[in-house]
Amino acid sequence: MSKMFFETIDTACIDPNDLPWTPFTPYTDEVHVKLLRVDPVKGETVTMLRAPVGMQLPKHHHSGTVQLYTIAGAWKYLEHDWVAKPGDVVLETAGSSHTPVGVEGYGDEIITFQITTGDLLYLDENDQVCAIENWKSAMDRYLAYCHANDIAPKDLSHA
């Protein structure tokens, strides 16, 4: 008798040290993303983001939810008064838009861990969509970086 797929699912431990920081191109070479896992079925990515403190990322809109954990540094959204510091968790609701910016005084770089479901729609100064990011674009960026740097890619959809 053969095993069913659900019988082969097991827990996994992802070592982020085994995965590269990839530049967040074509938007910027200063911000780097570490793709830890993609789930094409749920449209979900698990990533880490590293940015210099003085960086402001483009405004974006979420089609799904985002859960962020701040590991290092501090950041905020221009549209809010709070500041996320190390250990803080930010929960972003679907249908929300914000502009991330680094906050001085908490180190030289910001590192976050996030679980994103759905598309991130990047907006221009007129709030018009100028780019779309999702699990597929994240995976394409990771694979292109691995290919360009002679790194054997890992299957991040099974982690």
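Please read these numbers as outputs of a predicted model, since none were measured by experiment.
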Look up atom [atom1] in [X] and atom [atom2] in [Y], then write down how far apart they are to the nearest 0.5 Å.
| X | Y | atom1 | atom2 | answer |
| --- | --- | --- | --- | --- |
| His32 | Thr25 | NE2 | OG1 | 9.0 Å |
| Thr117 | Asn134 | OG1 | CG | 12.0 Å |
| Ile71 | Gln114 | CD1 | CD | 8.5 Å |
| Trp135 | Arg37 | CH2 | CZ | 11.5 Å |
| Ile111 | Trp75 | CD1 | CH2 | 14.0 Å |

Going by heavy atoms in the side chains, are [X] and [Y] under 4.5 Å from each other?
| X | Y | answer |
| --- | --- | --- |
| Tyr145 | Pro23 | yes |
| Asp88 | Trp82 | no |
| Leu120 | His62 | yes |
| Leu123 | Ser97 | yes |
| Glu109 | Pro52 | no |
| Leu36 | Pro16 | yes |

Same cluster or not: are [X] and [Y] linked, directly or through other Ile, Leu, Val, Met, Phe, Trp or Tyr residues, by side-chain heavy atoms under 4.5 angstrom apart?
| X | Y | value |
| --- | --- | --- |
| Val46 | Leu91 | yes |
| Ile115 | Ile14 | yes |
| Met55 | Val33 | yes |
| Tyr106 | Phe113 | no |
| Leu68 | Val31 | yes |

Go through the steps to decide whether Thr112 and Ile110 satisfy the test side chain to side chain contact (heavy atoms under 4.5 Å, CB included), and finish with yes or no.
CA-CA 7 Å; Thr112 60; Ile110 299 156; 4.1 Å; yes
Donor-acceptor under 3.5 Å ([X] side chain, [Y] main chain):
| X | Y | answer |
| --- | --- | --- |
| Thr116 | Val66 | no |
| Tyr69 | Pro86 | no |
| Asp155 | Ser157 | yes |
| Lys76 | His80 | yes |
| Asn149 | Cys146 | no |
| Ser63 | Asp119 | yes |
| Asp39 | Gly43 | no |
| Lys34 | Leu19 | yes |

Going by an N to O cut-off under 4.0 Å, is there a salt bridge joining Glu133 and Arg141?
yes
Candidate pair Gln56 and Thr99, rule side-chain hydrogen bond (donor to acceptor under 3.5 Å, both in side chains), full reasoning
CA-CA 7 Å; Gln56 177 176 321; Thr99 310; 5.3 Å; no
Set out, in order, the CA-CA distance, both residues' side-chain angles and the distance that settles side chain to side chain contact (heavy atoms under 4.5 Å, CB included) for Lys154 and Asp18, then state yes or no.
CA-CA 9 Å; Lys154 296 184 181 291; Asp18 290 343; 3.7 Å; yes
Return the minimal non-hydrogen interatomic distance between [X] and [Y], and the atom names on each side.
| X | Y | result |
| --- | --- | --- |
| Ala84 | Val90 | CB-CG2, 3.9 Å |
| His60 | Pro100 | CE1-CG, 3.5 Å |
| Glu30 | Thr28 | N-OG1, 3.0 Å |

If you count heavy atoms of other groups shown closer than 6.0 angstrom to CG of Asp81, is the number above 12?
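It does not: Asp81 CG has 12 such atoms or fewer within range.
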Using the ring centroid of each side chain, check whether Tyr27 and Phe24 are separated by less than 6.0 Å.
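Centroid separation for Tyr27 and Phe24: below 6.0 Å.
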Using the benzene-type ring in the case of Trp, are the ring centres of His61 and His98 under 6.0 Å apart?
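Distance test on ring centres: not under 6.0 Å, no.
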Decide yes or no on side chain to side chain contact (heavy atoms under 4.5 Å, CB included) for Tyr122 and Lys59, but give the supporting numbers first.
CA-CA 6 Å; Tyr122 284 91; Lys59 185 175 184 180; over 6 Å; no
Could you give me the CA-CA distance, side-chain angles and deciding distance for Met139 and Leu35, then say whether side chain to side chain contact (heavy atoms under 4.5 Å, CB included) is met?
CA-CA 8 Å; Met139 192 64 167; Leu35 184 61; 4.0 Å; yes
Ignoring hydrogens and geometry beyond distance, is a side-chain donor-acceptor pair present between Asp15 and Asn17 at under 3.5 Å?
yes
